[in-house]
*Asks:* 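Right, I'll just put the structure down here and ask away after.
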Amino acid sequence: SNQLKDGEIVEIMNETQLVQGKFGENTAADVKTSGGQSGRMAFNATSLGAMVDAWGDETKGWIGKKATVRIKTSKIGRRVQDFVALEPVR
């Protein structure tokens with residue numbers, strides 16, 4: 001999978017779908033980077049909350065919207081893990 005870079009802009013390509021992930025169901029959609037790469041991305045609660053605040057909870061309305069990639073670090077016990085949070089471009 002291609003690494004997203006901090007500060008990169010992604011565009012939401014379709015409405016979200018529930019997909020089965022390693023740890024249960026995830027909300028995911030296809031995204032395209034400004035460099036033209038595309039792929040499916042699962043959104044964490046932080047990203048989802050921000051996008052609902054910015055764009056509303058009808059995800060059909062998210063198509064064509066853009067968000068900035070933020071690489072954040074979380075500590076789970078002793079493990080430090082990077083995760084992606086999306087910041088909606090309003």
Side-chain angles (χ1 to χ4, degrees):
S1 72
N2 335 358
Q3 277 311 112
L4 289 165
K5 292 177 204 54
D6 191 71
E8 195 165 12
I9 303 285
V10 296
E11 182 181 344
I12 311 289
M13 302 307 290
N14 52 18
E15 58 186 302
T16 63
Q17 292 162 322
L18 281 179
V19 294
Q20 204 55 44
K22 255 194 323 223
F23 306 111
E25 281 193 331
N26 286 321
T27 301
D30 295 320
V31 300
K32 190 170 75 183
T33 67
S34 40
Q37 293 178 318
S38 55
R40 167 152 296 180
M41 183 174 185
F43 305 124
N44 55 29
T46 306
S47 301
L48 279 174
M51 293 190 289
V52 169
D53 279 353
W55 302 329
D57 53 17
E58 187 51 69
T59 68
K60 272 194 192 81
W62 298 7
I63 298 168
K65 300 279 198 220
K66 294 186 163 76
T68 308
V69 172
R70 294 289 172 223
I71 308 292
K72 298 180 184 273
T73 306
S74 70
K75 229 178 145 185
I76 303 163
R78 284 198 197 139
R79 247 185 33 237
V80 173
Q81 201 172 356
D82 282 350
F83 71 96
V84 174
L86 291 183
E87 266 173 25
V89 176
R90 293 172 188 263

*Asks:* Please collect all ring-ring contact (aromatic ring centres under 6.0 Å, His included) contacts where either partner lies in residues 68-90, sequence neighbours excluded, each pair once.
*Replies:* none

*Asks:* Other members of the hydrophobic cluster containing V89, with the 4.5 Å side-chain heavy-atom rule, please.
*Replies:* I9

*Asks:* Which residue pairs pass the ring-ring contact (aromatic ring centres under 6.0 Å, His included) test when at least one of the two sits in residues 40-59, sequence neighbours left out?
*Replies:* W55-W62

*Asks:* Between atom CD1 of I76 and atom CZ of R78, what is the distance when rounded to the nearest 0.5 Å?
*Replies:* 14.5 Å

*Asks:* Working to the nearest 0.5 angstrom, can you tell me the gap between M41 CE and K32 NZ?
*Replies:* 16.0 Å

*Asks:* Quick one: side chains of residues 68-75, donor-acceptor pairs under 3.5 Å with protein atoms, not counting sequence neighbours, listed by atom name and distance.
*Replies:*
{"from": "R70", "atom 1": "NE", "to": "E87", "atom 2": "OE1", "distance (Å)": "3.3"}
{"from": "R70", "atom 1": "NE", "to": "E87", "atom 2": "OE2", "distance (Å)": "3.4"}
{"from": "T73", "atom 1": "OG1", "to": "D82", "atom 2": "OD1", "distance (Å)": "3.1"}

*Asks:* For the CG atom of L86 and the NZ atom of K66, what is their distance to the nearest 0.5 Å?
*Replies:* 13.5 Å

*Asks:* Test of understanding: with side chain to side chain donor-acceptor pair (under 3.5 Å), list the residues that count as partners of R79, not counting sequence neighbours.
*Replies:* Q81

*Asks:* Are L48 and L4 connected in a single hydrophobic cluster, I mean Ile/Leu/Val/Met/Phe/Trp/Tyr linked by side-chain heavy atoms less than 4.5 Å apart?
*Replies:* yes

*Asks:* Under 3.5 Å, sequence neighbours excluded: what are the donor-acceptor pairs made by side chains of residues 22-29?
*Replies:*
none

*Asks:* Just to verify, what does N44 make a side chain to side chain donor-acceptor pair (under 3.5 Å) with, not counting sequence neighbours?
*Replies:* S47

*Asks:* Looking at residues at least two apart in the chain, or sitting in another chain, which of them share a side chain to side chain contact (heavy atoms under 4.5 Å, CB included) with Q17?
*Replies:* R40

*Asks:* Identify the two heavy atoms, one from P88 and one from A50, that lie closest to each other, and give their separation to 0.1 Å.
*Replies:* CG-O, 3.4 Å

*Asks:* Is it true that a side-chain atom of T59 and a backbone atom of T16 form a donor plus acceptor pair closer than 3.5 Å?
*Replies:* yes

*Asks:* Taking atom CD1 of I63 and atom CG of D30, what is their separation to the nearest 0.5 Å?
*Replies:* 10.5 Å

